[in-house]
Amino acid sequence: MHVRFWGTRGSIPTPGRHTLRFGGNTSCIEVRTAADTLVIIDCGSGLRGLGQALTQGGKPVLKGYILISHTHWDHIQGIPFFDPFLPPANEWDIYAPKGLGQSLHDVLGGQMQYVYFPVRLDQMGAKIRYHELIEGDFQIGDLRVRTQYMNHTALTLGYRLEADGATLVYASDHEPFSRHLVSGKGEIRGQDRRHCEFLTGADLVIHDAQFTLNEYASKIGWGHSTVDYAIAMSREAKAARLALTHHDPLRTDDAIDEIVTNARDDQRNMLPALEIFAAAEGQSLELRGRDRAVTSNESTILNTPALATPLLLMAVKDPAAANTVREAAQADGITVLESGGVTAALNIARSVQPSLVILEWEQGDVDAVEGHKWMDVPILFVANEETVRAEKAATDWLIRPFSTAYARTRIRACLLRTACRWERVLTSQNEEQRLAVLHDLKILDTPAEERFDRITRLAASIFNAPMALISLVDRERQWFKSTYGLDASETSRETSFCSHAVASQDVLVVPDTFQDPRFSDNPLVTGAPRIRFYAGCPIFVGANCIGTVCVLDNRPRQIDTDTVGLLHDLAALAAIELSKPQAH
Ligand SMILES: [Zn+2]
Ligand SMILES: [Zn+2]
């Protein structure tokens, strides 16, 4: 994996004789894999130079992917000057965090409105596709990408890229969740632990390190890290190299040298060795990967949540903090329900199903934490730094004092992280017995047979549906004995609709998956085959439900009781065939 820095400066471009060596352009990194997949991380002013280099290469058509951490100006201001966006033959895919309001296209177009810039985003000739991300994994060509929210004043994603056996993590802009960690010392817990895990085993971590420890004291809540924190996280994550980036605009080349020298001196005898350097504009690196277990190749599907109107339930006594939360929620059109105390709030939560609960941490309020566990609703606790430091409970904190912008970011991250409405697998009570009966049939993984295909053909025809299946629900998967109109032999049980029918041992009809909280964010709904309608009837062998006959459609629809009766008939036919000896 080839990496080149085109911009390393934070906040604003700072050209001049004091920034010649590390560069004055804002964040932009070029990544290329062995298969020549081109990925650009962030579009600060460094993007202009990269664009020129790309067009000078003389390649007739350019195709590339752009990952934007967040849309603060220093991370997108290069876009209007990016030449490869002009030729109509070029194709670009832009990825950035999904917001709660404006679309990504509109946010990026905003800085190119007539009053700011002579050319509008839509007037640039290239084909540009926009993708909005939450936390998850996805694949770009031969690259596997993982995203995770950073702790910043705007909703920001870090990116973990894996290809050619090498791993690169980009973690900027980010501030330590727990302020005691700014010194790089102390136990790494909770959300900082999660951040650290995101960097695990990276060959190169490119990390926000805008401030020194001394400077940080007056920059709390600005959304940036100290050099010490970046080092501590990378070390704990057993990363091989750390590139300090997002250099403060006031930082001269000499000052950066001094920071690096001091950091190296501090770490000199520590093992395993961590190579520390400051990212410099123009610098190129080759990541070859180290000897370690190959990471799994399976790709999980990144869901775009179907957000209902979010409801925030809060019980915060501190008037200043409560007011800030209120303002933050209001800015994103989130409904706020307030309650006098923690216990009352948790009682209300049982009946109203909030999307997020914000509570003021009360000494020894074990109930609140326990409540957290059963409700499956994220809880943010408002507390002081000292409390957070002393409290062992693994929970999400909103550390006082906090700004409206910061509260907004945390609320958004919580909502988007948990907004996936999709109920996972249900297992039936007699699961082991059911599986034994299924396995005894010795039908799993056998070739297709006309006697079953006949049934799915009939099902599709009766329901005038494009897809029909005989689905057998195994321990970890649903395997299809017969498929009509679907090109798959099995899917994971986690996404299985039929599992629900099997667990309830009853007909399951989902007229419109978009409207059904059990399925609206199921990957089979948000992605191929884009199931919009489902009707499945259990197949029983003896008293055991082993699968279903089901019909699927890409459009929502209604079915009447008579038609459900026909589905019963088809399931009964399938059961008869299953209990016969194998034809081959
Ligand atoms: Zn920035
Ligand atoms: Zn920023």
Side-chain angles (χ1 to χ4, degrees), residues 5-15 19 22-30 40-48 50 66-82 94-102 104 107-108 110-111 132-133 147-159 169-177 182 195 198 205-212 215-216 218-227 229-230 243-251 256 278-281 328 331 402-413 416:
F5 294 98
W6 290 88
T8 59
R9 191 63 51 175
S11 311
I12 191 165
T14 49
T19 58
F22 291 98
N25 280 305
T26 56
S27 304
C28 180
I29 298 160
E30 174 188 5
I40 297 169
I41 306 177
D42 271 341
C43 300
S45 63
L47 184 71
R48 191 189 64 93
L50 169 56
I66 295 177
L67 307 176
I68 295 175
S69 62
H70 63 308
T71 52
H72 274 166
W73 206 15
D74 54 323
H75 299 256
I76 61 166
Q77 66 197 156
I79 289 176
F81 301 91
F82 187 52
I94 306 184
Y95 300 79
K98 178 185 173 67
L100 290 181
Q102 271 187 306
L104 173 61
V107 171
L108 296 180
Q111 70 167 347
E132 304 191 348
L133 301 172
T147 58
Q148 188 163 301
Y149 288 123
M150 300 287 107
N151 191 35
H152 193 49
T153 53
L155 199 58
T156 300
L157 283 172
Y159 292 98
V169 179
Y170 179 75
S172 190
D173 303 1
H174 175 78
E175 178 166 357
F177 287 98
V182 292
H195 180 72
F198 187 59
V205 170
I206 304 170
H207 203 288
D208 184 331
Q210 182 156 351
F211 301 130
T212 62
E215 289 163 348
Y216 180 79
S218 60
K219 313 283 186 196
I220 294 170
W222 286 37
H224 295 289
S225 291
T226 56
V227 177
Y229 175 83
L244 307 171
T245 195
H246 212 271
H247 307 310
D248 192 87
L250 293 171
R251 190 90 60 222
I256 293 177
E281 203 173 305
F402 50 85
S403 66
T404 310
Y406 180 69
R408 228 177 132 178
T409 315
R410 296 305 308 282
I411 291 170
R412 285 175 171 210
L416 288 164

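In each ligand, atom 1 is the first atom listed, and ligand 1 is the first ligand listed. The model shown is predicted, which means the values in this text are computed figures rather than measured ones.
- Protein-derived N/O/S atoms nearer than 2.8 Å to the Zn ion (ligand 1) total 4, waters excluded.
- Applying the salt bridge (Lys or Arg N to Asp or Glu O under 4.0 Å) criterion to Glu30, with sequence neighbours excluded, gives Arg32.
- Donor-acceptor pairing under 3.5 Å is recorded for the side chains of Asp42 and Ser69.
- In terms of the salt bridge (Lys or Arg N to Asp or Glu O under 4.0 Å) criterion, Arg48 has no residue partners (sequence neighbours excluded).
- Under the 30°/60° scheme for interplanar angles, the aromatic rings of His195 and His174 are found to lie parallel.
- By the side-chain contact (heavy atoms from CB on, under 4.5 Å) test, Gln77 is found to be paired with Pro13, Thr26, Ser45, Trp73, Asp74, Gln111, residues two or more places apart in sequence or in another chain being considered.
- When all heavy atoms of Ser11 and His246 are compared, the closest pair comes out as N-CE1, 3.7 Å.
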